[in-house]
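One structure below.
One is the number of the first residue; the rest follow in order along the sequence. From a predicted model like this one, the values you see are computed outputs, not experimental measurements.
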Amino acid sequence: MKIVLISILFILFVSCNDSSERTTDVRMICFKDTNKEELKKENIKYEFVQLETTDESLLDGIFQIRITEDRLFIINQKFDKVLVFNKNGKFIATIGSFGSGPGEYLSPCAIHIDENNNRISIADRNRLKLLHYSLDSYQYLSSQPLFNFIYCTWLSDGNIAWVSTSGYKTDKRENYYVKITDPSLNLIGYLYPAIFTSSYGVSSGNLITEYGCNAYLCIPYLPEIQSIKSNCISPVYQFSFDSHHLPSLEWLKDFASEGANYAYSLLKSEYISAYNFKETDTFLFLNYIIYKGDVYVCLKKKKKNITYKYSSSEFSEITDLYGLTAPVCVYNNCFVATIGPGELLNNKDKIHRSDIKSLTSKISDDDNPILIYFKFN
């Protein structure tokens, strides 16, 4: 489970354009230190996809994956390339290239697949451009100029939600973190007042996560997960972690005074510094980071009052999935994550499952990350 230091802002209150649409139906979930029942190897089903490793397709990690019926669209962890593989991991093509020319990008951070219009859109937060390519040929089509943002997602109604680390100021001198536009980038409205800002932070995943037709805002230091709509953002889940705690707003403000980099102080503290959230039809999956980079994995059965909580090393021993990252997306009711071949090989003597042992005989340290689709019974 990777820790990433990034420039990011943390938004601590919920706001709707129309306050009458604000919901108070929040599910409270506590991940206890002691589990009522334990997870077993046979409770987990998974499928591996080995991504072809060539000079053109080499990845140092995966930041985002978009999955269609026949292809995988992947943003490299270094934000320097966007690659296409088929569903079996065979390399197909590179979309665009790193640079400042037409059809090139400097920091691609979000992909949108528009099958109706046969188009791929890639948001570049360094060049501040929305680049469009053909879904068939991967050739560059056009671009649109953008405003400052750190991440974005396309909502179910076709509109786009943008998150900015400095906020979006209105004519009334109000400042919001979320901006909603239509596909032509015409303004629809603003959400989430900016009440706490910093140019530093810690993250273990994207600010926005998707589940089916839903988009959620996941703030690393806030225990609530918010649902994003074009006209409203409202809480859905609120988490607590028993003996581990998120920092208070007062603590954050003290260490972020006068533009100080409080991320390093937080990582040295005993507070939770960041967490990552994903959801399927049956389970919630969280991982969180505490003192000195220790990582914990939490699971919740959605229809039963059953939670699981393990250190990452305990979770690896139970599952035999050594080197597993936090899930990067959800597809067909499975969590989709990666496994580093080197870490899997280094731990092959600890592995008991025959199918994973067989996998270690087919990989090398220099191979691309292995995709894993997994779910819990």
Between Lys309 and Cys298, what is the shortest heavy-atom contact and its length? CG-SG, 4.0 Å

Decide side-chain contact (heavy atoms from CB on, under 4.5 Å) for Lys90 and Asn88; before the verdict, give the C-alpha distance in whole Å, the side-chain angles of both, and the deciding distance to 0.1 Å. CA-CA 6 Å; Lys90 178 74 174 176; Asn88 297 318; 5.6 Å; no

So does Lys357 have more than 12 non-hydrogen atoms from other groups sitting under 6.0 Å from NZ? yes

Can you find a pair of side-chain heavy atoms, one from Arg125 and one from Ile150, that are under 4.5 Å apart? yes

Out of curiosity, Ile356 CD1 to Asn347 CG, how far, rounded to the nearest 0.5 Å? 11.5 Å

Straight-line distance of Leu128 CG to Asn148 CG, nearest 0.5 Å: 5.5 Å

Just wondering, do Arg353 and Tyr46 contact through their side chains at under 4.5 Å, heavy atoms? yes

Could you check whether Asp367 and Ser364, counting side-chain N and O atoms only, form a donor-acceptor pair closer than 3.5 Å? yes

Side-chain contact test, heavy atoms from C-beta onward, threshold under 4.5 Å: evaluate it for Leu155 versus Lys229 and give yes or no. no

Evaluate Leu344 against Ile351 for side-chain contact (heavy atoms from CB on, under 4.5 Å), listing each step before the verdict. CA-CA 9 Å; Leu344 196 61; Ile351 296 171; 3.9 Å; yes

Do Tyr105 and Leu141 share a hydrophobic cluster, counting only Ile, Leu, Val, Met, Phe, Trp and Tyr and linking them when any side-chain heavy atoms are less than 4.5 Å apart? no

side-chain contact (heavy atoms from CB on, under 4.5 Å) for Asn368 and Ser57? Distances and angles first, verdict last. CA-CA 8 Å; Asn368 269 333; Ser57 68; 3.9 Å; yes

On a heavy-atom basis, which atom in Asp242 and which in Asp33 lie closest, and how many Å separate them? OD2-N, 2.9 Å

Do Phe98 and Leu130 share a hydrophobic cluster (ILVMFWY, side-chain heavy atoms under 4.5 Å, transitive)? no

Heavy-atom nearest pair, Asn35 first then Thr307, reads OD1-O, 3.7 Å

For a 4.5 angstrom cut-off between non-hydrogen side-chain atoms, does Leu371 reach Ile62? yes

Quick one, Lys301 and Phe283 - any side-chain contact, counting heavy atoms below 4.5 Å? yes

Pair Phe149 + Phe147: ring centers closer than 6.0 Å: no

Are Pro369 and Leu59 close enough that some pair of their side-chain heavy atoms sits under 4.5 Å apart? yes

Which of parallel (below 30°), tilted (30 to 60°) and perpendicular (above 60°) describes Tyr288 and Tyr296? parallel

Which class fits the ring pair Phe239 and Phe241: parallel under 30°, tilted 30 to 60°, perpendicular over 60°? tilted

Heavy-atom pair with the smallest gap, counting every atom of Gly89 and Phe85: O-CD2, 3.2 Å

Rounding to 0.5 Å, atoms CD1 (Ile44) and NZ (Lys375) come to a distance of 13.0 Å

Is there a path of hydrophobic side-chain contacts, each under 4.5 Å between heavy atoms of I/L/V/M/F/W/Y residues, joining Leu106 to Leu131? no

Between Lys304 and Glu37, does any NZ, NE, NH1 or NH2 come within less than 4.0 Å of an OD or OE carboxylate oxygen? no

For the residue pair Asn76 and Leu83, establish whether any side-chain heavy-atom pair is separated by less than 4.5 Å. no

Let me confirm one number: the OH-OG distance from Tyr237 to Ser227, rounded to the nearest 0.5 Å. 10.0 Å

Classify the side-chain pair Glu210/Thr153 by whether it contains a donor and acceptor separated by less than 3.5 Å. yes

Within the 6.0 Å centroid threshold, strictly below: Tyr168 and Tyr176: no

Taking every non-hydrogen atom, the tightest pair across Trp162 and Ala123: CZ3-CB, 4.4 Å

CZ of Phe374 to OG1 of Thr280, rounded to nearest 0.5 Å, is 9.5 Å

Please answer: with hydrophobic residues joined when any side-chain heavy atoms are less than 4.5 Å apart, are Leu58 and Val328 in the same cluster? no

Does any part of the side chain of Phe63, heavy atoms only, come nearer than 4.5 Å to the side chain of Asn206, both counted from C-beta? yes

State whether Lys302 and Glu279 are salt-bridged, where the test is any N-O pair (Lys NZ or Arg NE/NH1/NH2 against Asp/Glu carboxylate O) under 4.0 Å. yes

Taken to the nearest 0.5 Å, the spacing of Ile29 CD1 from Leu284 CG works out to 5.0 Å

Passing option when Ser230 is tested against Thr181, Asp182, Asn159 for side chain to side chain donor-acceptor pair (under 3.5 Å): Asn159

Non-hydrogen atoms of Ile75 and Val82 that approach each other most closely: CG1-CG2, 4.2 Å

Could you go through Asn43 and Lys40, starting from their C-alpha distance and side-chain angles, then the distance that decides it, and tell me whether this counts as side-chain hydrogen bond (donor to acceptor under 3.5 Å, both in side chains)? CA-CA 5 Å; Asn43 295 141; Lys40 299 178 181 179; over 6 Å; no

In terms of hydrophobic clusters joined by side-chain contacts under 4.5 Å, are Phe335 and Ile306 together? yes

Is there a donor-acceptor contact under 3.5 Å linking the side chains of Gln144 and His132? yes

List the steps, then state whether side-chain contact (heavy atoms from CB on, under 4.5 Å) holds for Val336 with Lys278. CA-CA 10 Å; Val336 183; Lys278 291 292 183 293; over 6 Å; no

Mind checking whether Tyr138 and Tyr133 have ring centres under 6.0 Å apart? no

